[in-house]
2 protein chains.
Amino acid sequence: MKLGQATIKDIARELNLSASTISRALKDYPGISDETKRKVKEMAEKMNYRPNAIALSLRKSRSFTIGVIIPEVVHFFFSTVVSGIEEVAQSRGYNVILVQSNEKLEREISSIETMLSNQIDGVLVSYSKETNTFEHFTRVLDQGFPIVFFDRAPQIPGAINVMVDDYQGAFDATTHLISQGYKNIVHLAGPPSLKITRDRANGYKAALEKNGLPVHPDHIIPCPLGTVEESQKLVSELLSSSAVNPDAFFACNDIGAVGAMMACRDAGLKIPLDVGIVGFSDWQFCSMLEPKLSSVAQPGTLMGAKATEILLDIIEKKIDPETMEKSLVLETKLMDRDSSKRF
Amino acid sequence: MKLGQATIKDIARELNLSASTISRALKDYPGISDETKRKVKEMAEKMNYRPNAIALSLRKSRSFTIGVIIPEVVHFFFSTVVSGIEEVAQSRGYNVILVQSNEKLEREISSIETMLSNQIDGVLVSYSKETNTFEHFTRVLDQGFPIVFFDRAPQIPGAINVMVDDYQGAFDATTHLISQGYKNIVHLAGPPSLKITRDRANGYKAALEKNGLPVHPDHIIPCPLGTVEESQKLVSELLSSSAVNPDAFFACNDIGAVGAMMACRDAGLKIPLDVGIVGFSDWQFCSMLEPKLSSVAQPGTLMGAKATEILLDIIEKKIDPETMEKSLVLETKLMDRDSSKRF
DNA sequence: TTGTATGCGTTATCAT
DNA sequence: ATGATAACGCATACAA
């Protein structure tokens, strides 16, 4: 009682009752006298009793804890997802263990091992840029352990994925630029290992084709690092070379769009008059920029919430992972602001 | 082995050995033959054995898990702190359980209860704006349970706090504005319940006094909500009324600074020519704005890392919470950019 | 209405 | 070099 918490046994000893009686009384079991219940609860309160969730976990082989593996916490989109996850988990009585892979495959692997050791009931994953093998996931999936992937979803048969419609979002953004009269639209692409990169590039291409515009391979610029500096440099080079002559940029993410904005400004180009720009993700700062940056909004919090609901439903066997719908696609929303509106 | 994980007992049965032998072999205890060790490890590998951390926790009364309670995840500064926490925890073999209070006292209280139930080894806390009583902390502190507070640190005797030097940061920012020739500097303050709000306001006042400038109470504008809209509206009102006539704004946070920027732009004022602006926190987007926003950088990741190191040192009894230094103050760094540089 | 015994997975202690 | 037993805190099947 001084050091360790008071346990059921302590209460039992104090009241000259058996541990089982205490356990039952605290949970309002039928066959316990009201008098005993009262006394037990009183004493529990007095002794500052707190049930030991660890002991409970061991007994039930359930920890009421889920794991979350994300590339990094300091990332607006992922932070919104985590917020949604935490929200739903908390409301349904689950804890959230969080680890960041820092975009390292190795840490992703060790994280999932640690989590399994900790008997978590399920895990939510957005895999790292480095991840090119999925054995560490399939291995545990095959054991019947619940995993729900979000945003960055692997092409594993049977895996449950929650994503946004990257293809459609990119299609909408590009179509919007075309409708504003931009004709030579360059796409700043992401890391090639991610499916979202390919989906967004495909949406971009499809929009061009649908509108009878040519698709030039050299109009798709990979930005693997994803920093402002990288895209700023690449766009600057593009603008100073005479080969391409772009009049708009659709970036795979907002950081890339900011780099493009800066490069255009450096080159003396007016936004949106000379050049139109649209980003992807609709980070917080988009509406704080001058001009306000158009972007494709992704429902991050909703994605986290939905993914968690699905995971918990699987854990609680409210749905059957075998027969259920394997992929949930959330809609994006184009936020067309000043950076891309000529009319 | 089909459903649940393989346990030590399963290996024991398979090898016709006792559980204790398996346990020892796996941990390379001295008195076990190399031959047995080899066989055991082989079988463990084959059966895909994973130690049950829950059982270990129960036995050792230690979970190797720490809790983190923050107001919200979707907040650049807090996300950097969490990143630092997670980093250090992971490297020292601890898990991190994360909850957000959503600035609600009630959730803060229930969170800490849940965490204690889960036998976490210690907790890192930044309390909510709503928190006006600290009983829920003192109660567990008095039981000898380790808590380290960061950023928002309570005035509890004996509590261990890791903060930045808000006073000095505000002093530096204000001094910088004065040095740039601004004379009528308004302070956009934060929620009055937070100590950081008072410290920053005091640093602002001290800088004015030191430079022989008057301190007008009506030059300190409280922005309790902390939204762009709020500060934009308040600054607009201020600019249109003839009473104050400010030529600079030092905001308690970057969001407030952005609101001020927008209000100034709306009023046709040039930044930094007519009005100088400095924010606090140096969020990611500061250097993406036009003009680039000056701000006081807070070492969020470092704060998380330091707080975690202290907490783990206490948990592992490497330092004594009684005799140790109770408060660690980290330095801020003024990032003077275009929004406040006239010369 | 209450008590006893057992087991969840692991390891420390005390045998052999 | 290995085994048997007890214990961590709790819940439950079975007894009384």
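Residue numbering restarts at 1 for every chain, and letters A, B, ... go by the order of the sequence lines.
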For this session: May I ask you to check whether A:Gln5 and B:Gln119 show a side-chain donor-acceptor distance below 3.5 Å?
Result: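 Result is no, nothing qualifies.
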Problem set entry | Under 3.5 Å side-chain donor-acceptor pair for B:Ser83 and A:Glu72 |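 No, because no side-chain N or O of B:Ser83 sits under 3.5 Å from a partner of the opposite role on A:Glu72.
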Integer-rounded Å distance: [N] [atom2] and [X] [atom1]:
X       : N      : atom1 : atom2 : answer
B:Lys39 : D:dA1  : NZ    : P     : 14 Å
A:Leu26 : D:dC10 : CG    : P     : 9 Å
B:Lys37 : D:dT2  : NZ    : P     : 10 Å
B:Phe64 : C:dT10 : CZ    : P     : 16 Å
A:Arg13 : D:dG9  : CZ    : C1'   : 13 Å
A:Arg59 : C:dG7  : CZ    : C1'   : 7 Å
B:Lys60 : C:dT11 : NZ    : C1'   : 7 Å
A:Arg62 : D:dC10 : CZ    : P     : 19 Å

Side chain of [X], heavy atoms from C-beta onward: which of [options] has the nearest atom to it?
X       : options                : answer
A:Thr21 : C:dT2, D:dC10, D:dA6   : C:dT2
B:Ile8  : D:dC8, C:dT10, D:dC10  : C:dT10
A:Arg24 : C:dT11, D:dA11, D:dC14 : D:dC14
A:Ser23 : C:dG9, D:dA11, C:dG3   : D:dA11
B:Leu17 : C:dG3, C:dT11, D:dT2   : D:dT2

Problem set entry | Name of the residue among A:Phe134, A:Phe137, A:Tyr127 meeting ring pair (Phe, Tyr, Trp, His ring centres under 6.0 Å) with A:Phe149 |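 The residue from A:Phe134, A:Phe137, A:Tyr127 that satisfies ring pair (Phe, Tyr, Trp, His ring centres under 6.0 Å) with A:Phe149 turns out to be A:Phe137.
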Exercise. Does B:Asp142 reach the main-chain N or O of B:Arg139 with its side chain, forming a donor-acceptor pair under 3.5 Å?
Worked result: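 The answer is no, because no donor-acceptor pair under 3.5 Å joins these two groups.
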Exercise. What about B:Ser20, does its side chain sit under 3.5 Å from the base of D:dA4 through a donor-acceptor pair?
Worked result: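 Present.
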OP1 or OP2 of [N] versus the side-chain N and O atoms of [X]: is any pair under 4.0 Å?
X       : N      : result
A:Tyr29 : D:dT12 : yes
B:Lys9  : C:dC8  : yes
A:Ser33 : C:dT2  : yes
A:Thr7  : D:dG9  : no
A:Thr36 : C:dT2  : yes
A:Tyr49 : D:dC10 : yes
A:Lys27 : D:dT12 : no

For this session: Tell me what B:Ser57 touches on the nucleic acid: a base, only sugar-phosphate, or nothing, going by heavy atoms under 4.0 Å.
Result: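 The residue B:Ser57 makes no contact with any strand.
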Exercise. So what does A:Asp34 hit on the nucleic acid, given a heavy-atom distance under 4.0 Å: a base, only sugar-phosphate, or nothing?
Worked result: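 Contact class for A:Asp34: none.
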Donor-acceptor pairs under 3.5 angstrom involving side-chain atoms of residues 47-55 of chain A: please list them, not counting sequence neighbours.
from: A:Arg50; atom 1: NE; to: B:Glu113; atom 2: OE1; distance (Å): 2.9
from: A:Asn52; atom 1: OD1; to: A:Ile54; atom 2: N; distance (Å): 2.8
from: A:Asn52; atom 1: OD1; to: A:Ala55; atom 2: N; distance (Å): 3.0

Problem set entry | Comparing B:Arg50 and A:Ile32 on DNA chain C - which has the more 5′ nearest nucleotide |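 Nearest nucleotide further toward 5': that of A:Ile32.
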Exercise. Does some side-chain heavy atom of B:Val82 sit less than 4.5 Å from a side-chain heavy atom of A:Leu98?
Worked result: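 SC-SC contact between A:Leu98 and B:Val82 confirmed.
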